[in-house]
There are 2 protein chains.
Amino acid sequence: MIPEIDRIRTLLTAAGCAWTRPRAQVLAVLTAVAHPLRVEEIHRRLGDPRINLSSVYRALHLFHRLNVVRRLLLGDGAARYELAEAYRGHHHHLVCDACGRIEDVSRCPLEGRDLGAALGAAAAFAVRSHSLELFGL
Amino acid sequence: MIPEIDRIRTLLTAAGCAWTRPRAQVLAVLTAVAHPLRVEEIHRRLGDPRINLSSVYRALHLFHRLNVVRRLLLGDGAARYELAEAYRGHHHHLVCDACGRIEDVSRCPLEGRDLGAALGAAAAFAVRSHSLELFGL
DNA sequence: GAGGATTTGCAAACGATTTGCAACGGCCAA
DNA sequence: TTGGCCGTTGCAAATCGTTTGCAAATCCTC
């Protein structure tokens with residue numbers, strides 16, 4: 001078994017959640033692919049027609065709540081999901097304005113910077129995470 | 001008339017688009033407010049019950065295509081719109097994880113950096129714009 | 001393997017956004 | 001200023017992604 005999946009399974013168990021076939025398969029799909037997927041794409045790749053689309057939605061919600069996956073909203077109507085930073089490393093996305101293709105970049109231009117300070121003002125705001133998407137061609 | 005609106009009107013005309021009441025009013029709302037608004041919020045603030053919600057959607061699409069407004073997707077189901085950079089200046093958003101409040105920050109931690117270079121790789125990708133949202137409390 | 005709690009499949013409900021179409025209203029030419 | 005053309009609007013219905021209620025199926029503990 002892929003180590004990430006094992007870690008996640010332990011996490012679920014610790015959170016009192018069952019390790020079920022739909023959840024396992026959704027994770028299998030996410031670990032196998034190198035870019036964010038739409039829910040319907042994940043569902044299509046499950047390879048098990050018995051699994052219902054709403055179970056995929058529910059699994060993704062759970063994973064998102066447990067910080068196992070990250071949710072991306074990139075402009076077309078549908079959300080995309082990918083494994084969270086802890087399982088895939090911190091990265092950002094290049095989104096092509098023309099064809100819509102999405103690619104990962106692992107280098108982060110904000111790395112090591114104190115964002116709170118860099119932004120000045122808003123002292124009351126504690127930055128917990130950031131989301132940076134680059135649009136271009 | 002507010003100068004930004006005049007500039008935008010000229011832009012529309014140049015693009016062969018009519019300057020109509022719904023379009024003008026949508027812009028009036030957007031220039032009057034200092035943070036991104038949901039479509040339905042914009043519609044509610046128009047002050048003219050004759051204007052239909054779909055006209056607001058269509059106006060916003062047009063404005064988006066002409067780079068007059070910027071579209072933000074921040075996680076709850078609805079898109080938010082604000083005037084584009086050229087009319088409000090470059091800025092980013094602080095999104096509160098707890099209450100959902102959104103605030104602008106005008107300081108940009110990426111300012112003056114060569115993003116293409118900072119990201120390495122992807123030489124074929126020309127960055128045209130970026131979107132940075134900070135989540136925290 | 002049995003029992004109880006958690007999940008699932010299914011189908012219907014939902015909210016945001018889009019669309020077809022006839023009526024309307026900007027805008028240019030006369 | 002007026003007439004008319006073509007883009008734009010209002011309306012209502014369709015669409016899309018996502019969520020939900022509920023009974024049946026599955027998972028986990030003992």
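For clarity, every value in this text was computed on a predicted model and none was experimentally measured. Lettering of chains follows the sequences in order, A, B, ..., and the numbering in each one begins at 1. These values consider heavy atoms only, across backbone and side chains, with no hydrogens, waters or symmetry-generated copies.
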ask   = Touch check for B:Arg21, heavy atoms < 4.0 angstrom, all strands: base, sugar-phosphate only, or nothing?
value =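 The answer is nothing, as B:Arg21 stays clear of every strand by at least 4.0 Å.
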Ignoring hydrogens and angles, write down the donor-acceptor pairs under 3.5 Å from the side chains of residues 25-38 of chain A, residues two or more places apart or on other chains.
| residue | atom | partner | partner atom | Å |
| --- | --- | --- | --- | --- |
| A:Thr31 | OG1 | A:Leu27 | O | 3.0 |
| A:Thr31 | OG1 | A:Ala28 | O | 3.0 |

key: Note, A:His93 side chain near A:Glu82 side chain (heavy atom, < 4.5 Å)   =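 Yes. Closest side-chain heavy atoms under 4.5 Å.
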message = Can you confirm whether B:Arg70 sits close enough to B:Leu83 that some side-chain heavy atom of one is under 4.5 Å from a side-chain heavy atom of the other?
response =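 No, their side chains stay 4.5 Å or more apart.
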Distance (rounded to the nearest 0.5 Å) between A:Leu72 CG and A:Glu133 CD =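 With rounding to 0.5 Å, CG (A:Leu72) is 6.0 Å from CD (A:Glu133).
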query = How many angstroms lie between CD1 in B:Ile5 and CH2 in B:Trp19, if you round to the nearest 0.5 Å?
reply =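 Here the interatomic distance stands at 6.0 Å.
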task = Any side-chain hydrogen bond (donor to acceptor under 3.5 Å, both in side chains) involving residues 54-65 of chain A? Give me the pairs, sequence neighbours left out, ordered by first then second residue.
result =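 Only A:Asn52-A:Ser54 qualify under side-chain hydrogen bond (donor to acceptor under 3.5 Å, both in side chains).
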request  = Assert yes or no for the condition that the ring centre distance of B:His130 to B:His92 is strictly below 6.0 Å.
outcome  =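 Centroid separation for B:His130 and B:His92: below 6.0 Å.
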inquiry  = Distance under 4.0 Å to a non-hydrogen atom of chain B counts as contact; along DNA chain C, which nucleotides mark the start and end?
reply    =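 Listing 5' to 3', DNA chain C meets chain B from C:dA16 to C:dC27.
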inquiry  = Taking the minimum atom-to-atom distance to the side chain of B:Arg23, which one of D:dG17, D:dT8, D:dT20 wins?
reply    =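 In terms of side-chain proximity for B:Arg23, the closest of D:dG17, D:dT8, D:dT20 is D:dT8.
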message = Just to be sure I understand the geometry, which residues of residues 44-55 of chain B put a non-hydrogen atom under 4.0 Å away from DNA chain D?
response =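 Under 4.0 Å from DNA chain D: B:Arg50, B:Ile51, B:Asn52, B:Ser54, B:Ser55.
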Rounded interatomic separation in angstrom, taking CZ from A:Arg65 and P from D:dT19 =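 Atom CZ in A:Arg65 sits about 14 Å away from atom P in D:dT19.
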key: 5'-most by nearest nucleotide on DNA chain D - B:Cys17 or A:Ala18   =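 Upstream on the strand: B:Cys17.
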task = For the helix from C:dG1-D:dC30 to C:dA30-D:dT1, measure the angle between the helix axis at one end and the axis at the other, each built from five pairs, rounding to 10°.
result =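 Here the helix ends are tilted 40° relative to one another.
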message = According to salt bridge (Lys or Arg N to Asp or Glu O under 4.0 Å), who are the partners of B:Arg71, at least two apart in sequence or on a separate chain?
response =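 B:Arg71 satisfies salt bridge (Lys or Arg N to Asp or Glu O under 4.0 Å) with no other residue.
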